[in-house]
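Structure, as structure tokens:
Computed from a predicted structure; not experimentally measured. Letters A, B, ... are given to chains in the order of the sequence lines, protein chains preceding strands, and every chain is numbered from 1.
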Amino acid sequence: MRNSVRLIAASLLSLALIPQTAFSSPKMTAHVSPAGHQFFYVPMDDAQRTAVAITWASGLPTGPGIHEATARLGIELMLNGGAGGLPPDEISADFEDLDAGSRLWVQPGEIRGFVVAPDDQLDRAAEIANLVLAQPALDNRWLERQKRNLLRDTRIRNATATGLAWSLAREIMLEDHPFKRFWTAAPVDEIQSISAPQIDTWHKGAFGTADLTITAAGTAGPETVARAIDLALAGLPKSANPNPVAFQGPRIRPGTIVLHDPDSPKSLIMTLGELPGAPATDDDIYGIATAVLGLGKQSRLFKAIRSQLRAAYGFGAGMESVARHHRLLRMGGEVDTALLPQALDAMRQSYETFRREGIAREEFPIARNFHLQRIEQNLSRPAGMATMLMENRLNAGSAEDFETLANRIEALERTAVNDTIMANYPPFDEMLTIVITPDATAIADACVITAVDEWRKCY
Amino acid sequence: MRKIRTRLVLLFLLLAGLLAGPASAELIKVETGTSLRGVYLIPDTKSDTIRVSAIILAGEADSDGPEGLAHYLEHLMFWHADNVSNRTFHNRGGNAWVNGIVTNYYNEGGKDDLDDLFTFAGRLLTPLSLDEKFMRDEKKIVSREYDLRVSENSKWQVREQINRALYGANPVGRSLIGTPDSIAALNLEQVDQFRRAHYNAANMVLLASGNLSEPELRKHVLKTFGNVPAGIPNPQSWRDNPISEPLHNTLDIADDRANSNAYQYASLSEWKGSGDGLQDIYTTRFLAELLSSNLPGSLAKPLKIDNFVVSAYNVRLDRKLRNQIQFFFQSRPDEGVAPPTVAEKLRASLAELAGRGVPEKSLERIRKRMAREASRRGDEPDYILNRALRNLTAGLEPNTSADHVARIASVTKAEVDALIRAVADSHRTVEVNLTNTGS
């Protein structure tokens, strides 16, 4: 009896000594569906739903008279204009009945989509997805409407300070690269001339089954997932359309450009620098570092610009993807026009201190813990799990990279993160700073322009 | 025969809901013996984090000072409460928001941070102890927030104009954030007056979710709030001041920064409902879901699908005043469609639906969708928490997931029909035609 008590006590002690990860490690397995589609699956016992994510390697439409934004319009048309002989309201209502979710979008080099549904509705969700993928109506009346909507939305976005800053940044970083044309949806007359046959040609080429990455996560089990994948992809041609667009990365031209907008009700700062296209295992280092710099109320930039200078409501930093393996560090926020130069100085000082000294001893465990919580949040739902697994696959990560994520984050040391900050975060003076403001004289020594297309005069 | 079948369907849905439970997380009302208005626990053993939400049952509707007072106080009170033990870093993260009627402060952390989490909540009931210059300067931060959220957002500005016009002298129509002028007019005396009047235990509801037991919650609540006096509960007497004077107002606004036309419509109608305020929330939700859906009886078919009148819209139904229902429609007309065309089509669609009643099949599909969601998400703390916040905003107590399922099953076509008739026959309407005059 006494021995058994000792045994129990010993077991409890050993449990306490085992480092507890915040969440159980996901286990990924590889499968092939009856129709021959390879996919990767993670079981999630408590999820109640299953997500299936598909990525088509897909270049942008190019050629004489073909605008790259044809792909964006095509996706909108597929999603909104009806499919499989069903009118738009019927197909949407049928999908809404399933308690399911879905998304289909295009970005340079990839078309991404996912469906998440209760296990007993996964087949029906996949069937509806198949109608959209394989038999979209591509109706001309709807195309004209989507063109008008795209142009209007672009106009609305470009009328805001944030939209203007991004337009200018894209012009400077991408010049005439097809990625810029894809994102800016300009010029207007070229968008207006996109035709139904062009959309049809793009659609036929973009959605094949030969160059796919498929991931899934949830409770349905690999057999059900395999059936759903085959249903979703039925009837698509066995072709691929990678047509990769050559891209050497964004061109960061150092300096400060003020875009003077006398009617703007506010001022905005946006600073951009290039970060290395990190391999899958480095993502967490950049995630933690960038969060310390500018995510949340305890971040360096928030404290410098809001808490101390009192110049902004929100001010921070984040990472932006330009294309796979090309990403940017972004810092900034809207600031009090009267405090614009001080805010810029405070941001520069705060950033350079961060770059020089890295993360402080007391900051690090909290930052690592918050990062772990964000990852846990992502991995707690099937769509998030399937998406993170997709990123692992597309970044050529290993199964081990994915399965040991939590342990890896917990084992991260401050020195490793600080080494990365010091080595790979660009000096402030090598970054591009854009200021949108109604005060043309706010920043001394800046190059002042009054329209986006005047940027070349600054270099 | 139809009645019997409907009853059988209701019974089936009710049983299905009951059989789906008991969920692993459920709302529990916890008796603590403190003066707090209410303490609730949503236990979730799967989570490593604990969230503590402290909801003050007061907001801009309870202010008579310059607009934006409750929001300014929320800013100040967050920083005051956040300053636990003068620590530079906390292992918790949180935020706060106002919706005009309640003010919610929330924080998340681990089990080791429970003292920190509850100390934050407790400090919400203590006098502001921030540097006076810091507090005055926070108005500049609020102004920057105005810039961020409102200055380029014509729709927001229009919505606030509509609210003011629709509710007249009733303070529930006040702006949440205010205007640059009203923000500038706020002072610390008004702030302190509002805080003393409303930030007390009798107006605070505490909602904790996560890996926390009832005894643990009780222990921390007692430690933090055991000696806090109740104070005076906020009567929210504005709820009992219905607006009977008719109004039919059309505002034409030309905006050179809008870059797109917009049409917004709001109405206030007499609607007594069923006599059960909580059940009425479900009736309004059914109608809002139907109008927003793609089902027969929705607004999508006549306005967006069959006719290219609007490319996007959203619908809200709110009962802020006791016997009146507010309908709110916000839309982006298709390019080339003038806002008055949207107005005409909207009125015709509402009148037609009111005349023939909501399609029974569509209603049952809405019921099935909501029951499915309730079954799937019934034990999610966020789902329960959002429902609780919705109820508190409506002046009602939070309800359990089991009650939620039963109420979804109990919504009747007759009640929804009565509601759409009320919406179509409103005595106060305000509509705004926002015309883009930009390049």
| message | Strictly by salt bridge (Lys or Arg N to Asp or Glu O under 4.0 Å), give each pair with a member in residues 303-312 of chain B just once, sequence neighbours left out. | response |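 Matches after skipping sequence neighbours: B:K301-B:D306.
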| task | Test A:D99 against B:R376 for salt bridge (charged side-chain N to carboxylate O under 4.0 Å, His left out), laying out the working first. | result | CA-CA 9 Å; A:D99 189 26; B:R376 173 172 61 86; 2.6 Å; yes
Is it true that, when you exclude [X] itself, more than 12 heavy atoms of the residues, nucleotides or ligands shown sit nearer than 6.0 Å to its [atom1]?
{"X": "B:D112", "atom1": "CG", "result": "no"}
{"X": "A:Q377", "atom1": "CD", "result": "no"}
{"X": "B:E132", "atom1": "CD", "result": "no"}
{"X": "B:K111", "atom1": "NZ", "result": "yes"}

Can you check whether [X] reaches [Y] side chain to side chain, under 4.5 Å on heavy atoms?
{"X": "A:L339", "Y": "B:R144", "result": "no"}
{"X": "A:K297", "Y": "B:N95", "result": "yes"}
{"X": "A:Q121", "Y": "B:R372", "result": "yes"}
{"X": "B:Y146", "Y": "A:Y313", "result": "no"}
{"X": "B:R365", "Y": "A:D94", "result": "yes"}

Of the non-hydrogen atoms in [X] and [Y], which two are nearest, and what is the gap between them?
{"X": "B:T88", "Y": "A:K303", "result": "O-NZ, 3.3 Å"}
{"X": "B:D147", "Y": "A:E334", "result": "C-OE1, 3.8 Å"}
{"X": "B:I305", "Y": "A:W142", "result": "O-CZ2, 4.1 Å"}

| task | Could I get the full list of salt bridge (charged side-chain N to carboxylate O under 4.0 Å, His left out) partners for B:E145, not counting sequence neighbours? | result |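 Testing B:E145 for salt bridge (charged side-chain N to carboxylate O under 4.0 Å, His left out), a comparison that skips the adjacent residues, returns B:R149.
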[X] side, atom [atom1]; [Y] side, atom [atom2] - distance, nearest 0.5 Å:
{"X": "A:Q298", "Y": "B:H90", "atom1": "CD", "atom2": "NE2", "answer": "6.5 Å"}
{"X": "B:D334", "Y": "A:E144", "atom1": "CG", "atom2": "CD", "answer": "12.5 Å"}
{"X": "A:K147", "Y": "B:E335", "atom1": "NZ", "atom2": "CD", "answer": "13.5 Å"}
{"X": "B:N261", "Y": "A:R152", "atom1": "CG", "atom2": "CZ", "answer": "9.5 Å"}
{"X": "A:K266", "Y": "B:E152", "atom1": "NZ", "atom2": "CD", "answer": "3.5 Å"}
{"X": "B:I141", "Y": "A:S307", "atom1": "CD1", "atom2": "OG", "answer": "8.0 Å"}

| query | Under 3.5 Å, is there a donor-acceptor pair between the A:R148 and B:S311 side chains? | reply |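 There is no such pair between these side chains.
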| query | Which residues from residues 293-300 of chain B are near chain A, with near meaning under 4.5 Å between non-hydrogen atoms? | reply |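 Result: B:S293, B:N294, B:L295.
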Go through [options] and name the one with the most non-hydrogen pairs under 4.5 angstrom from chain B.
{"options": "A:D46, A:D336, A:N369, A:N149", "value": "A:D336"}
{"options": "A:E90, A:E363, A:R306", "value": "A:R306"}
{"options": "A:G314, A:A367, A:G81, A:A93", "value": "A:A93"}
{"options": "A:G82, A:A312, A:P88", "value": "A:A312"}

Side chain, backbone, both or neither: which part of [X] has a non-hydrogen atom closer than 4.5 Å to chain A?
{"X": "B:N153", "value": "neither"}
{"X": "B:H75", "value": "side chain"}
{"X": "B:E380", "value": "side chain"}

If I measure from the heavy atoms of chain B, does [X] come under 4.5 Å with its side chain, its backbone, both, or neither?
{"X": "A:R141", "value": "both"}
{"X": "A:Q146", "value": "neither"}
{"X": "A:Q48", "value": "side chain"}

| said: Run the salt bridge (charged side-chain N to carboxylate O under 4.0 Å, His left out) test on A:R310 and B:E138 for me, step by step, so that the C-alpha distance in whole Å, both residues' side-chain angles and the decisive distance to 0.1 Å come before the verdict. | reply: CA-CA 8 Å; A:R310 317 288 280 151; B:E138 192 67 20; 2.6 Å; yes
| field | Intermediate values then yes/no, salt bridge (charged side-chain N to carboxylate O under 4.0 Å, His left out), B:K368 and A:D97 | value | CA-CA 8 Å; B:K368 208 170 160 186; A:D97 279 345; over 6 Å; no
| Pick from B:E108, B:E373, B:K140 with the largest number of heavy-atom pairs that fall under 4.5 Å of chain A |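 Option with the greatest count: B:E373.
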| query | Can you name the ring pair (Phe, Tyr, Trp, His ring centres under 6.0 Å) partners of B:H404, sequence neighbours left out? | reply |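 So B:H404 forms a ring pair (Phe, Tyr, Trp, His ring centres under 6.0 Å) with B:Y282, B:Y383.
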| query | So, A:D153 and B:R332, do they make that salt bridge, N to O below 4.0 Å? | reply |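 Yes.
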